[in-house]
Novice: 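Sharing a structure here in structure tokens format.
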Amino acid sequence: TRVFVPRDSAARSVGADEVAALLERAGGEVVRTGSRGMLWLEPLVEVETPDGRVGYGPVAPEDVDGLVAAGLLDGTAPGLGLVEELEWMRRQQRLTFARVGVVDPLSPDDHEAHGGNAGLRAALALPPAEVVGAVTESGLRGRGGAGFPTGIKWRTVLDAESELKFVCCNADEGDSGTFADRMLMEGDPFTLIEGMTIAAHAVGAREGYIYIRSEYPDAIATMRAAIAAARERGWLGERVLGSELSFDLHVRVGAGAYICGEETSMLESLEGRRGQVRAKPPIPAIQGLFGRPTVVNNVLSLAAVPWILAHGAAAYAELGVGRSRGTSVFQLAGNVARGGIVETAFGVTLGELVNDFGGGTASGRPVRAVQVGGPLGAYLPVSQFDLPLDYEAFAQAGAMVGHGGIVVFDDTVDMAAMARFAFEFCAEESCGKCTPCRIGAVRGVETIDKIRAGQDREKNLVLLDDLCTLMTDGSLCAMGGLTPMPVRSAVQHFAEDFR
Ligand code: NAI
Ligand code: SF4
């Protein structure tokens with residue numbers, strides 16, 4: 001029987017490598033997989049049985065001998081039971097993450113055995129415009145944060161006249177509390193390659209780049225190894241899967257700047273320059289990498305596409321609410337009892353995610369605030385826990401879904417300090433191109449310091465609001481433009497912390 005131990009960096013950080021080595025020494029046939037995303041159970045060891053995989057976790061190195069003696073290697077030792085039957089798993093709808101934690105990420109055979117390449121084969125049998133049509137019909141929107149309809153973006157690139165076009169995957173995942181891009185790349189890299197290849201066929205590109213942040217060494221190594229394996233299999237290169245399509249992929253590594261997750265900065269960085277924002281228009285779909293029409297999509301957007309082509313746009317569009325269709329991969333982090341990956345249809349409420357999936361805080365104290373959508377997202381109080389995860393509902397509440405990261409805070413959080421942190425972060429990470437952001441962020445820190453010190457408090461609160469309006473309206477990109485969101489939401493929902 002096979003024993004599965006994650007090689008995901010979250011699992012490795014708590015000892016998965018040692019556990020895998022010990023299990024191997026005890027005679028187990030160990031297969032390294034991605035993580036199921038139940039981070040509080042890592043290292044989670046799974047054992048193949050006739051009924052499915054049974055789980056044990058968290059397994060510390062010192063637990064291994066006892067568990068093996070109790071029958072772990074044939075799945076008879078008492079443990080968590082069938083992993084797929086755990087409530088956390090059963091309540092999810094894993095489409096994009098269906099294979100993460102299941103397959104050996106670097107085995108092309110495993111990929112195909114678990115339904116991989118079905119989407120690519122379906123796409124290659126269609127003319128490009130029909131592939132774009134399917135993505136449009138599915139309702140898929142950009143999972144990087146902005147939620148722009150992916151099909152419309154692809155249509156723009158398809159319609160642009162150029163001999164040279166590119167597909168670029170944004171894997172810079174800089175948002176605090178987000179890790180889904182990393183887990184997908186470490187756990188199921190062939191699905192991302194498949195999604196990018198479908199995009200290439202759909203828009204007429206021959207070359208693609210994956211821009212990965214340097215903080216993700218495991219993801220970088222996994223993607224590089226998967227690309228090499230895909231080339232060897234004829235899944236990349238000339239005549240992909242025997243079709244007319246030629247497409248090849250390259251990994252490029254960032255150097256630690258948050259702003260390089262902004263698409264035009266990322267393109268500058270890919271071209272070998274300092275990551276600084278370009279004014280839009282022109283949008284990258286018309287003039288992107290090296291001035292050519294370029295699809296720039298987040299990891300999760302591209303990785304959703306194979307499922308859509310394999311199972312049909314209608315099946316994807318059936319899930320979700322309003323204009324937020326399909327599933328999204330939410331990430332629970334911060335002070336939360338059960339952190340990890342929740343892939344489910346849009347429409348799940350904030351309370352369901354934080355309380356039902358997350359189990360409240362890790363500290364056991366009451367939840368006071370959650371920040372949704374990264375460091376530029378709003379802080380929401382518990383009174384907003386009925387809010388459904390839906391791009392429009394969040395926008396109406398002065399918040400954003402963003403990349404789906406949810407960071408939980410308990411009642412010891414100082415929200416004025418969190419508002420200060422938003423400006424501090426912006427001052428640190430600003431690319432410096434425009435004044436509202438470059439100067440505004442520094443003035444914001446100073447103004448909040450005055451408010452916290454009780455200096456002309458009312459006057460400074462008005463000034464703070466003015467500054468927020470100026471940054472929202474006058475910044476060139478979302479960095480300066482969205483920094484006011486956490487600040488304003490903190491002032492609005494947690495006014496007592498500013499008194
Ligand atoms: P945006 O609204 O300017 O653009 C969204 C996308 O649509 C871009 O790719 C843009 O080029 C494309 N687009 C716009 N009009 C188009 C058209 N007519 N045809 C084809 N394509 C078109 O938003 P932006 O500045 O790209 O992203 C802001 C978002 O980024 C924020 O809402 C935030 O949630 C998110 N974000 C994500 C982070 C992460 O780590 N994933 C970090 C920071 C921010
Ligand atoms: Fe650069 Fe900030 Fe202006 Fe964006 S808002 S272009 S990060 S200075």
Side-chain angles (χ1 to χ4, degrees), residues 132 136 141-160 168-182 203 211-213 215-216 254 257-268 274-289 293-301 328-329 331 371-378 391 394-395 399-405 422-423 425-442 444 470-486:
V132 173
T136 307
R141 293 165 69 177
R143 298 286 185 252
F148 188 83
T150 306
I152 295 179
K153 187 182 279 188
W154 288 18
R155 177 91 240 172
T156 312
V157 180
L158 172 63
D159 289 347
C168 290
C169 172
N170 186 340
D172 197 51
E173 197 167 47
D175 275 1
S176 44
T178 64
F179 41 83
D181 294 352
R182 178 185 64 67
V203 304
Y211 187 88
I212 311 180
R213 67 195 313 233
E215 293 89 335
Y216 284 177
Y258 179 74
I259 200 59
C260 286
E262 196 284 331
E263 59 177 358
T264 62
S265 285
M266 184 191 82
L267 295 173
E268 288 287 298
R274 175 177 154 206
Q276 208 173 27
V277 174
R278 295 179 187 168
K280 289 192 277 192
I283 53 171
I286 307 279
Q287 279 180 41
L289 190 64
T294 303
V295 168
V296 181
N297 275 142
N298 174 254
V299 172
L300 299 179
S301 317
S328 195
V329 183
Q331 301 127 79
Q371 187 177 32
V372 185
L376 311 178
Y391 292 111
F394 263 64
M400 67 175 186
V401 172
H403 187 47
F423 281 126
F425 181 77
C426 182
E428 182 78 23
E429 297 292 347
S430 169
C431 84
K433 185 151 177 165
C434 69
T435 321
C437 168
R438 186 184 66 245
I439 308 284
V442 180
L470 178 93
M471 286 178 74
T472 304
D473 296 346
S475 297
L476 190 55
C477 84
M479 174 85 241
L482 290 176
T483 293
M485 191 179 274

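We count ligands from 1, going down the list as the structure has it; atoms in each ligand are counted the same way.
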Novice: Looking only at protein heavy atoms, identify the closest one to atom 19 (N) of ligand 1 and say how far it is in Å.
Specialist: Thr156 OG1, 3.2 Å
Novice: To the nearest 0.5 Å, what is the distance between CZ on Arg182 and CD1 on Ile212?
Specialist: 12.0 Å
Novice: Under a 4.0 Å heavy-atom cut-off, which residues neighbour ligand 2?
Specialist: Ile259, Val277, Ser430, Cys431, Gly432, Lys433, Cys434, Cys437, Ser475, Leu476, Cys477, Met479, Gly480
Novice: With backbone taken as N, CA, C and O and side chain as the heavy atoms from C-beta onward, which portion of Glu173 lies under 4.0 Å from ligand 1: side chain, backbone, both, or neither?
Specialist: backbone
Novice: Rounded at 0.5 Å granularity, tell me how far CZ in Phe148 sits from CD in Glu263.
Specialist: 10.0 Å
Novice: Kindly compute the distance separating CG (Leu482) from OG1 (Thr472), expressed to the nearest 0.5 Å.
Specialist: 8.0 Å
Novice: If the cut-off is 4.0 Å to any non-hydrogen atom of Gly145, which atoms of ligand 1 fall inside it?
Specialist: 32 (O), 34 (O), 35 (C)
Novice: At the 4.0 Å heavy-atom cut-off, does Thr178 count as touching ligand 1?
Specialist: no
Novice: Just go through Trp154, Tyr391, Phe148, Tyr258 and tell me whose heavy atom is the nearest to atom 16 (C) of ligand 1.
Specialist: Phe148
Novice: Between Pro281 and Ile286, is any pair of side-chain heavy atoms under 4.5 Å apart?
Specialist: no
Novice: Applying the side-chain contact (heavy atoms from CB on, under 4.5 Å) criterion to Arg213, which one of Asn170, Asp172, Asp181 satisfies it?
Specialist: Asp172
Novice: Side-chain contact, heavy-atom cut-off 4.5 Å: Cys437 with Cys426?
Specialist: yes
Novice: Touching ligand 1 at all, Leu482? Heavy atoms, strictly under 4.0 Å?
Specialist: yes
Novice: For the CD atom of Glu268 and the CZ atom of Arg274, what is their distance to the nearest 0.5 Å?
Specialist: 10.5 Å
Novice: Is it the case that ligand 1 has an N or O less than 3.5 angstrom from some N or O of Asp175?
Specialist: yes
Novice: Looking at ligand 1, would Pro284 count as a contact under a 4.0 Å heavy-atom criterion?
Specialist: yes
Novice: Got a second to check how far Leu376's CG is from Met400's CE, nearest 0.5 Å?
Specialist: 5.5 Å
Novice: Considering the heavy atoms of Ile283, write down every atom of ligand 1 situated less than 4.0 Å from one of them.
Specialist: 16 (C), 17 (C), 19 (N), 20 (C), 21 (N), 22 (C)
Novice: In the protein, what heavy atom is nearest to atom 2 (O) of ligand 1, and what distance, to one decimal place, separates them?
Specialist: Ala146 CB, 3.8 Å
Novice: Applying side-chain hydrogen bond (donor to acceptor under 3.5 Å, both in side chains) between Trp154 and each of Thr136, Asp159, Asn297, report the one that passes.
Specialist: Asn297
Novice: Just jot down the ligand 1 atoms closer than 4.0 angstrom to any heavy atom of His403, in number order.
Specialist: 41 (N)
Novice: Would you indicate which of Gly405, Gly144, Gly151, Gly481 comes nearest to atom 35 (C) of ligand 1 when only heavy atoms are counted?
Specialist: Gly144
Novice: Ring pair (Phe, Tyr, Trp, His ring centres under 6.0 Å) with Tyr216: which residues, sequence neighbours excluded?
Specialist: none
Novice: Taking only heavy atoms of Gly402, which atoms of ligand 1 are found under 4.0 Å from at least one of them?
Specialist: 34 (O)
Novice: Any non-hydrogen atom of Met479 lying under 4.0 Å from ligand 1?
Specialist: no
Novice: State whether the shortest distance between N or O atoms of Glu262 and N or O atoms of ligand 1 falls below 3.5 angstrom.
Specialist: no
Novice: Could you tell me if any non-hydrogen atom of Gly174 lies under 4.0 Å from any atom of ligand 1?
Specialist: yes
Novice: Walk me through it: do Met266 and Cys168 pass the test side-chain contact (heavy atoms from CB on, under 4.5 Å)?
Specialist: CA-CA 9 Å; Met266 184 191 82; Cys168 290; 3.8 Å; yes
Novice: State, with a plain yes or no, whether a side-chain heavy atom of Phe425 is found less than 4.5 Å away from one of Met479.
Specialist: yes
Novice: What's the spacing between Ile259 CD1 and Glu429 CD if we round to 0.5 Å?
Specialist: 8.5 Å
Novice: Check this for me - ligand 1, Met400, N or O atoms closer than 3.5 angstrom, yes or no?
Specialist: no
